[in-house]
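Everything below concerns the one structure shown next.
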Amino acid sequence: YAWEWKEKYGGIILEQLKKLGASCDWDRTRFTMDDELSEAVIDTFIHLYKKGWIYRGIRMVNWDPQGKTAVSDEEVIRKEVNQKLYYIRYRVVSSEEVSSELSSAGSTTHHSPLTTHFLTIATTRPETIMADAAICINPNDERYVHLHGKRVLIPLINREIPVILDEYVTMDFGTGCLKVTPAHDLNDYELGQKHNLPIIDILNDDGTLNEHAGILVGEDRFAARKKIAVLLEADGYLEKVEDYKSQIGFSERTDAVIEPKLSMQWFCKMDEMAKPALDYVLDGTIKLIPEKFVNTYRHWMENVKDWCVSRQLWWGQQIPAWYLPDGQYVIAKTREEAFHQAKLLTAHNSPLTIDDLKQDEDVLDTWFSSWLWPISVFDGFKDPNNDDINYYYPTNDLVTAPEILFFWVARMIMAGHEFRGGAPFKNVYLTGIVRDKLGRKMSKSLGNSPDPLDLIEKFGADGVRVGMLLCSPAGNDLMFDESYCEQGRNFANKVWNAFRLVKGWEVDKNHANNNQVAIEWFRSRFNEALNQIEENFAQYRISEALMATYKLVWDDFCAWYLEMIKPVYQQPIDGETYDFTICFFEDILKLLHPFMPFISEELWHDDLFGPRAGYDCCIIAQLPTNGQINAQLLAEVEIVKQIITQIRNIRNSKQIPPKEKLALSVKANSTIDYKKYEAIFSRSGNISALDIVNNKIVGAVSFIVSTDEFYVPMNESLDPLAECSRLQKEKGYLTGFLQSVNSKLGNQRFMSNAKPEIIEIELKKKADAEAKLKILEENLSALAC
RNA sequence: GGGAGUUUAGCUCAGCUGGUUCAGAGCAUCUGCCUUACAAGCAGAGGGUCACUGGUUCGAACCCAGUAACUCCCACCA
């Protein structure tokens with residue numbers, strides 16, 4: 001990782017070291033990688049060179065004239081700056097030269113002879129006119145049809161340049177005439193390439209004008225700008241000057257204005273490598289998760305440009321190119337080999353010595369070593385058939401950030417194909433970017449990134465981890481907020497408290513187990529959740545897997561299961577229930593471990609779970625395997641839970657304390673055997689007795705769950721009016737619901753078009769609603785209202 | 001300018017070939033409880049014109065078209 005970021009931070013590290021007073025020639029100190037990686041990088045470079053995929057070419061770099069170095073894109077800071085837009089006249093050369101006085105050029109608005117013999121361009125950089133290679137106009141621009149095929153003279157130096165046509169020029173910006181300066185602007189360079197224009201570089205490395213400029217030689221670019229404006233003005237070439245705001249790049253280190261500068265660089269051809277790398281992703285050999293990145297990836301790969309692999313830095317792998325004094329070069333692994341090759345290039349009796357060779361001072365792009373990572377990390381270059389690489393290549397999952405999908409991931413795929421003949425991994429999981437609550441990227445300059453150690457101090461390592469994972473929905477950025485960590489801490493606390501409860505139980509082996517239903521229910525519920533969690537993991541939905549685990553532990557295990565089996569105060573628990581509970585708890589620890597490694601491991605080794613052998617650790621414990629699910633039991637317990645909720649509601653609304661026992665009578669219309677759940681009603685609902693009845697009970701609070709009727713007798717008499725309005729309200733809702741179902745079923749086109757199972761569901765909805773309505777009406781009439 | 005994506009409850013997000021997972025989850029909020037594991041808790045409750053407009057369909061959060069806002073990547077304007 002240090003290597004990966006060296007390009008970005010290498011300079012900063014050097015500065016710091018210098019400040020500390022380290023004494024050596026830092027500017028000439030190279031930081032290189034370990035020998036084996038270094039060798040692999042050089043070998044692959046040579047390999048690609050021999051295939052003809054490495055070549056030298058011209059590229060525009062960001063040049064810092066003050067630091068006299070090239071700077072990377074990340075080190076260029078763009079700022080909005082007030083500038084001047086200079087409107088400059090160029091004289092059109094024509095056969096019928098009209099001699100006219102330039103000095104009285106005040107009236108250009110109407111058709112004076114001037115407008116036909118001059119064209120006007122707008123530029124923020126008048127000092128570069130000496131580097132102009134052409135004037136470009138849009139072929140569709142009707143204003144300038146008369147200029148097609150003409151030539152113009154650059155003011156002051158009177159060099160003749162052509163007028164070229166290209167749709168690149170926007171007609172409504174400036175004057176519609178663009179000066180083309182291939183040496184000092186990237187777009188102009190490309191335009192120049194397209195139209196075969198000469199490249200005239202008028203700037204020295206320190207930003208002063210060189211002899212190619214012809215005038216103002218030796219002046220700094222900004223001084224030259226002012227002076228040339230004066231000269232143009234004096235000779236009547238300056239039409240006007242406007243204020244103009246635009247973005248300008250500044251060097252991060254020296255704050256100098258960045259100068260685009262053409263330079264020779266090493267390139268790696270991409271088209272032949274991109275094709276197979278694209279295919280791996282399109283044919284599913286490599287899966288990108290989330291899938292949306294496939295589109296981006298394809299777009300990139302189809303429009304890939306050749307990769308500039310050389311960098312003007314001191315830290316990095318030096319390019320294995322060696323120059324002869326005459327400018328020729330050879331590519332070789334060592335100086336000796338280079339010398340050997342170089343001799344072949346020179347005449348027989350050449351005086352060339354090995355010391356005459358000069359190695360290229362540029363280094364390779366950081367990604368030129370990083371793309372080898374999946375192979376080099378297992379020593380796959382030096383020893384291509386070793387056990388590790390055979391086992392780990394291709395690996396299952398690569399987890400990385402989407403912003404380096406192209407820089408790193410795509411290139412690893414290319415390198416994998418080229419150097420090992422296959423994809424380096426099967427799945428790429430792209431994480432989100434961590435942002436703060438306001439959606440801003442976490443960064444040092446904004447100061448909005450919390451210190452992880454502070455967070456851990458506050459919420460615990462598990463709490464912070466859970467917090468991070470809770471807000472990591474698959475494929476989205478994560479909006480980080482401390483409250484998630486708080487939730488994580490609370491969850492860890494909950495687990496701890498559940499442990500304390502179980503730990504405190506007295507066990508009586510002779511006690512009978514009357515918790516079979518609860519135990520069987522939880523086992524089913526656990527298996528159901530396990531399926532769901534596995535499925536979430538398989539789809540890389542980490543936050544959802546966590547939430548499913550969270551709910552299993554908090555709701556099902558703590559809130560329901562433990563409450564169901566919890567022995568009454570100071571009573572022992574039976575041995576069987578206890579043993580099952582310990583097993584469940586242990587399985588839960590295994591599920592929790594990926595999210596909460598510390599607390600789960602800590603509890604794992606407590607003697608509550610029995611003695612552990614030396615290496616019996618939660619981290620390597622096998623996850624529980626899928627077991628049976630009793631679907632009917634699960635469904636029935638859901639109904640039981642609803643009933644208990646209803647009872648709790650009654651307590652709430654009638655201000656009955658939870659400690660006071662209530663009786664419950666059931667008039668079952670379904671086949672559910674409620675007696676089976678009596679223990680649960682008793683423990684979780686504090687129900688004294690469960691009676692199965694065949695008739696309605698008058699004077700009791702009634703409610704309906706599913707299609708069964710429940711009655712809770714009250715000591716005090718009920719307020720019939722309040723009961724009545726409650727039932728009326730429910731009736732109103734049901735009637736409306738039934739109406740909508742009926743209208744659907746009455747619709748001919750629905751009946752003929754909808755799938756049979758949909759119709760069946762609608763029919764069941766209708767039947768259920770009707771049954772409920774019937775009960776409600778009976779209850780209402782019993783209340784006599 | 002080119003490309004990709006997002007828009008569902010106060011917040012962060014599910015919603016998997018249009019119909020029981022259809023309007024959901026967690027957090028936050030409100031109400032009542034210091035009930036013997038847990039107030040960092042328990043028990044309840046409220047809360048949404050599924051960005052907007054139109055279309056397709058018996059039926060749209062979901063499909064199509066347009067509009068708006070936001071985000072990211074790449075290229076950057078004389």
Side-chain angles (χ1 to χ4, degrees), chain A residues 73 78 85-86 121-125 128 136 168-170 173-181 185-188 244 246-247 249 290 292-300 302-303 305 402-403 405-406 432-433 435 437 439 441 459 463 470-481 483-484 486-505 535-536 539 541 543-544 546-548 550-551 554 558-559 562-563 566 568-570 644-645 648-649 651-653 655 657-659 686 743-744 747-755 757-759 761-762 764-765:
Chain A
D73 286 346
R78 302 210 157 259
L85 195 57
Y86 298 84
I121 58 95
T123 181
T124 54
R125 304 199 57 190
T128 63
C136 189
Y168 162 74
V169 180
T170 45
F173 187 91
T175 61
C177 297
L178 170 69
K179 77 196 252 319
V180 184
T181 321
D185 182 281
L186 180 62
N187 289 313
D188 289 12
Y244 181 65
S246 75
Q247 297 259 319
K292 67 177 179 189
F293 286 108
V294 174
N295 285 336
T296 318
Y297 183 83
R298 181 177 43 219
H299 186 256
W300 275 341
E302 283 171 351
N303 298 287
K305 284 184 185 157
E403 63 258 41
L405 178 61
F406 185 61
I433 295 165
R435 298 170 173 282
K437 227 189 342 193
K441 223 171 179 166
F459 302 110
L470 270 176
C471 60
S472 309
N476 284 324
D477 288 355
L478 44 276
M479 304 290 176
F480 179 80
D481 186 66
S483 65
Y484 289 108
E486 194 182 340
Q487 198 182 341
R489 178 201 58 184
N490 294 354
F491 184 42
N493 224 6
K494 189 74 188 174
V495 174
W496 180 254
N497 280 318
F499 164 76
R500 281 200 346 180
L501 173 68
V502 177
K503 179 92 172 161
W505 282 342
E535 200 178 311
N536 284 327
Q539 293 176 33
R541 293 163 175 244
S543 63
E544 284 180 57
L546 171 55
M547 190 43 73
Y550 179 94
K551 284 196 261 192
W554 199 305
C558 294
L562 290 180
E563 290 299 330
K566 189 162 85 175
V568 285
Y569 186 50
Q570 285 185 336
I644 290 169
T645 298
R648 284 171 179 166
N649 268 334
R651 281 186 201 280
N652 243 341
S653 64
Q655 307 265 333
K659 277 181 179 171
N686 202 18
S743 76
K744 224 180 210 180
N747 185 334
Q748 280 291 328
R749 301 169 85 169
F750 171 74
M751 295 305 280
S752 55
N753 286 327
K755 283 180 276 186
E757 56 265 34
I758 300 296
I759 293 175
I761 287 162
E762 290 298 317
K764 187 173 185 307
K765 270 155 101 174

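Order of the sequence lines fixes the chain letters, A, B, ..., with proteins taken first and strands second; residue numbering starts at 1 for each chain.
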*Residues in ring pair (Phe, Tyr, Trp, His ring centres under 6.0 Å) with W505(A), at least two apart?*
none
_Closest-nucleotide 5' rank along RNA chain B - winner of K765(A) and K551(A)_ = K765(A)
*asked:* Output the rounded distance in Å from CZ (R541(A)) to C1' (rC16(B)).
replied: 7 Å
*asked:* Whole angstroms only, please: what is the CD-C1' distance between Q487(A) and rC13(B)?
replied: 12 Å
*asked:* Using the P atom as the point on both nucleotides, what is the distance between rC70(B) and rA61(B), in whole Å?
replied: 27 Å
*5' priority, RNA chain B, between K305(A) and H299(A) [closest heavy atom]*: H299(A)
*May I have the distance from R749(A) (atom CZ) to rU57(B) (atom P), rounded to whole angstrom?*
8 Å
*When the distance from CD of E486(A) to P of rA40(B) is rounded to whole Å, what number comes out?*
9 Å
*When we call it a touch if two heavy atoms are under 4.0 Å apart, what does T645(A) touch: a base, just sugar-phosphate, or nothing?*
sugar-phosphate
Restricting both atoms to N or O, compile the protein contacts to nucleotides 48-51 of chain B shorter than 3.5 Å, with distance only.
none

*asked:* Is the phosphate of rA78(B) approached by Y244(A) (side-chain N or O, under 4.0 Å from OP1 or OP2)?
replied: yes
*Pick the P atom in rU35(B) and in rG47(B), then give their distance to the nearest Å.*
31 Å
*Which is true for V169(A) with a 4.0 Å heavy-atom rule: it touches a base, it touches only sugar-phosphate, or it touches nothing?*
base
*Roughly how far apart, to the nearest Å, are rU7(B) and rC27(B) at atom P?*
23 Å
For residues 488-501 of chain A, which side-chain N or O atoms pair as donor and acceptor with protein atoms under 3.5 Å away, sequence neighbours left out?
{"unit_1": "N497(A)", "atom_1": "ND2", "unit_2": "N493(A)", "atom_2": "O", "d": "3.2"}

*Contact class for W300(A) (heavy atom, under 4.0 Å): base, sugar-phosphate, or nothing?*
sugar-phosphate
_d(CE, M547(A); P, rC27(B)) in whole Å_ = 7 Å
*asked:* If I pick the P atom on rC16(B) and the same atom on rC33(B), what distance separates them, to the nearest angstrom?
replied: 43 Å
*Tell me whether the OP1 or OP2 atom of rU12(B) has a side-chain N or O from S543(A) closer than 4.0 Å.*
no
Taking only nitrogen or oxygen atoms into account, show me every contact under 3.5 Å that the protein makes with nucleotides 37-39 of chain B, one pair per line with its distance.
{"unit_1": "rA37(B)", "atom_1": "OP1", "unit_2": "K566(A)", "atom_2": "NZ", "d": "3.4"}
{"unit_1": "rA37(B)", "atom_1": "O3'", "unit_2": "R500(A)", "atom_2": "NH2", "d": "3.3"}
{"unit_1": "rA37(B)", "atom_1": "O2'", "unit_2": "N497(A)", "atom_2": "OD1", "d": "3.4"}
{"unit_1": "rA37(B)", "atom_1": "O2'", "unit_2": "R500(A)", "atom_2": "NE", "d": "3.4"}
{"unit_1": "rA37(B)", "atom_1": "O2'", "unit_2": "R500(A)", "atom_2": "NH2", "d": "2.5"}
{"unit_1": "rA37(B)", "atom_1": "N6", "unit_2": "E563(A)", "atom_2": "OE2", "d": "3.1"}
{"unit_1": "rA37(B)", "atom_1": "N3", "unit_2": "N497(A)", "atom_2": "O", "d": "3.0"}
{"unit_1": "rA37(B)", "atom_1": "N3", "unit_2": "A498(A)", "atom_2": "N", "d": "3.4"}
{"unit_1": "rC38(B)", "atom_1": "O4'", "unit_2": "N497(A)", "atom_2": "OD1", "d": "3.4"}
{"unit_1": "rC38(B)", "atom_1": "O4'", "unit_2": "N497(A)", "atom_2": "ND2", "d": "3.3"}
{"unit_1": "rC38(B)", "atom_1": "O2'", "unit_2": "N497(A)", "atom_2": "ND2", "d": "3.0"}
{"unit_1": "rC38(B)", "atom_1": "O2", "unit_2": "K494(A)", "atom_2": "NZ", "d": "2.7"}
{"unit_1": "rC38(B)", "atom_1": "N3", "unit_2": "K494(A)", "atom_2": "NZ", "d": "3.0"}

_Side-chain N or O of N490(A) closer than 4.0 Å to phosphate OP1/OP2 of rG41(B)_ = yes
_M547(A) and N536(A), any side-chain heavy atoms less than 4.5 Å apart_ = no
*With a non-hydrogen cut-off below 4.0 angstrom, is R489(A) in contact with a base, only sugar-phosphate, or nothing?*
base
*Does E563(A) have any salt bridge (charged side-chain N to carboxylate O under 4.0 Å, His left out) partners at least two apart in sequence or in another chain, and if so, which?*
K566(A)
*Does OP1 or OP2 of rG3(B) have a side-chain N or O of Y297(A) closer than 4.0 Å?*
no
_Is rU21(B) syn or anti, taking syn as a glycosidic angle within 90° of 0?_
syn
*Intra- and inter-strand pairs of RNA chain B in dot-bracket (Watson-Crick or G-U wobble, both distances under 3.5 Å; | for another strand)*: (((((((..((((.....[....)))).(((((.......))))).....(((((..]....))))))))))))....
*asked:* Heavy atoms from C-beta onward define the side chain here; which of rC27(B), rG5(B), rA43(B) lies closest to that of K292(A)?
replied: rG5(B)
*Distance check: side-chain N/O of N295(A) vs OP1/OP2 of rG5(B), anything under 4.0 Å?*
yes
*If you draw a 6.0 Å radius around CD in Q748(A), do more than 12 non-hydrogen atoms from other residues or ligands fall strictly inside?*
no
_Students often get this wrong, so: under 4.0 angstrom with heavy atoms, is S483(A) touching a base, only sugar-phosphate, or nothing?_
nothing
_N303(A) CG to rA4(B) C1', straight-line distance once rounded to whole Å_ = 13 Å
_F750(A) CZ to rG59(B) P, straight-line distance once rounded to whole Å_ = 12 Å
*Inter-residue atom distance K179(A).NZ - T123(A).OG1, 0.5 Å rounding*: 4.5 Å
_Within the 4.0 Å heavy-atom criterion, would you say F406(A) contacts the bases, only the backbone, or no part of the nucleic acid?_
nothing
*Provide, to the nearest angstrom, the distance between the CG atom belonging to N753(A) and the C1' atom belonging to rG18(B).*
13 Å
*Do R651(A) and N686(A) come close enough that some side-chain heavy atom pair is under 4.5 Å?*
yes
*Taking only N and O in the side chain of N649(A), is any of them less than 4.0 Å away from OP1 or OP2 of rA45(B)?*
yes
